[in-house]
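In this text, all values refer to a predicted model and were calculated from it rather than measured experimentally. In this chain, numbering begins with 1 at the start of the sequence shown.
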Amino acid sequence: MVHQQSSQARLSPSGDTEDIVALLAPRLAHFAGVARTEHVTRAAQEMNVPQSTLSRALVRLEEDLGVDLFVRRGRTLALTVAGRTFLGSVERALAEVERAADEVRGDADPATGKVAFGFLHTMGAETVPGLLHAFRADHPRVRFSLVQNYGEAMLERLRAGELDLCLTSPVPDAPDLVARRLDEQKLRLVVPADHSLAGRRRIRLAEAADEAFVTLEPGYGLRRITDALCKEAGFRPRVAFEGEEAETLRGLVAAGLGVALLPPPAVPRPGVVELTVTAPRAAREIGVAWLAGRTDTPPVAAFKKFLLSRRGHLLPS
């Protein structure tokens with residue numbers, strides 16, 4: 001019954017675009033094939049479909065559009081003016097579909113496919129380049145689309161289907177995501193080189209309770225960790241500046257504008273001293289996350305397996 005109703009469907013001037021596309025799409029390739037050969041029998045042979053199926057598709061297409069696309073001349077067909085106008089758009093549409101199909105097939109190719117990979121800004125200078133270098137030793141032609149962002153933004157892009165995998169901190173705990181802890185990164189209290197604490201090597205975080213802090217903006221994982229560690233140390237940080245990137249915060253510290261809890265830099269920064277925090281334990285977990293229930297393409301599966309194999313030694317020593 002449902003099939004009978006759909007086969008009798010007709011377009012109307014007020015029809016929804018989605019309805020029009022659903023009705024016309026299966027018949028466009030048939031139309032283009034017949035228009036190319038101007039012969040139903042030859043077109044049916046080339047497309048390997050029954051001639052009766054092709055003929056019915058053309059009749060229904062003309063009925064749906066409410067215009068004649070062909071002029072019948074014995075066993076051959078000739079396009080009408082409307083048919084030629086329609087053919088131009090149909091050929092462009094079919095070419096775009098073919099291009100899109102080639103692109104997604106190419107992205108899924110085990111040897112040359114693409115991985116959309118997100119990671120924290122603090123991992124961009126050293127960690128991620130090292131990971132990609134090691135992975136491409138065995139997968140030299142796999143391509144990457146790289147996105148640097150803060151944790152929550154990357155998780156939203158995972159949910160939107162824009163990323164395949166991401167390295168983030170804290171490791172998320174959400175029913176629609178799968179996450180695996182990979183490593184831990186110690187955080188240090190960074191102070192100006194001329195600060196009264198700069199001569200120290202170790203410090204309890206409570207000793208910095210009266211200092212002005214420079215931190216990442218709310219919503220960043222490292223900001224949540226900073227707030228939690230300060231709370232555990234018995235104080236609420238007095239935030240003087242908020243930024244979006246860890247090395248910018250180091251620059252603010254070097255300028256004497258505050259202190260900061262930060263992961264180690266890829267390259268030592270002049271003008272600051274980095275102190276080991278003895279209490280509370282100052283560290284952040286780094287993990288990989290992906291969307292639950294999503295089927296991986298071969299290149300994504302290979303890179304995921306590689307990342308999981310780096311558990312415990314993800315970060316540079």
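In this structure, a donor-acceptor pair under 3.5 Å is absent between the side chains of His121 and Glu247. Side-chain atoms of Arg204 and Thr278 include no donor-acceptor pair closer than 3.5 Å. Side-chain contact, Thr122 with Arg284: a donor N or O sits under 3.5 Å from an acceptor N or O.
Here Arg294 pairs with Asp164 in a salt bridge; the nearest charged N to carboxylate O distance falls below 4.0 Å. Comment: Glu242 engages Arg223 in a salt bridge, judged by a side-chain N to carboxylate O separation of less than 4.0 angstrom.
Among residue pairs with one or both ends in residues 34-47, those qualifying as side-chain hydrogen bond (donor to acceptor under 3.5 Å, both in side chains) are Thr41-Gln51; sequence neighbours excluded.
For Phe31 and Phe70, the distance between ring centers is under 6.0 angstrom. Close placement of the Phe303 and Phe144 rings is indicated, their centers lying within 6.0 Å of each other.
Nearest heavy atom pair, residue Val273 against residue Ala198, reads CG1-O, 3.6 Å.
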Start with the C-alpha distance between Arg92 and Ser89, add both sets of side-chain angles, then the distance that settles side chain to side chain donor-acceptor pair (under 3.5 Å), and finish with yes or no. CA-CA 5 Å; Arg92 288 192 294 272; Ser89 295; 3.2 Å; yes

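A donor-acceptor pair under 3.5 Å links the side-chain atoms of Arg143 to the main chain of Thr112, judged by distance alone. Put simply, the side chain of Arg310 never gets that close to the backbone of Leu314: no donor and acceptor are under 3.5 Å apart.
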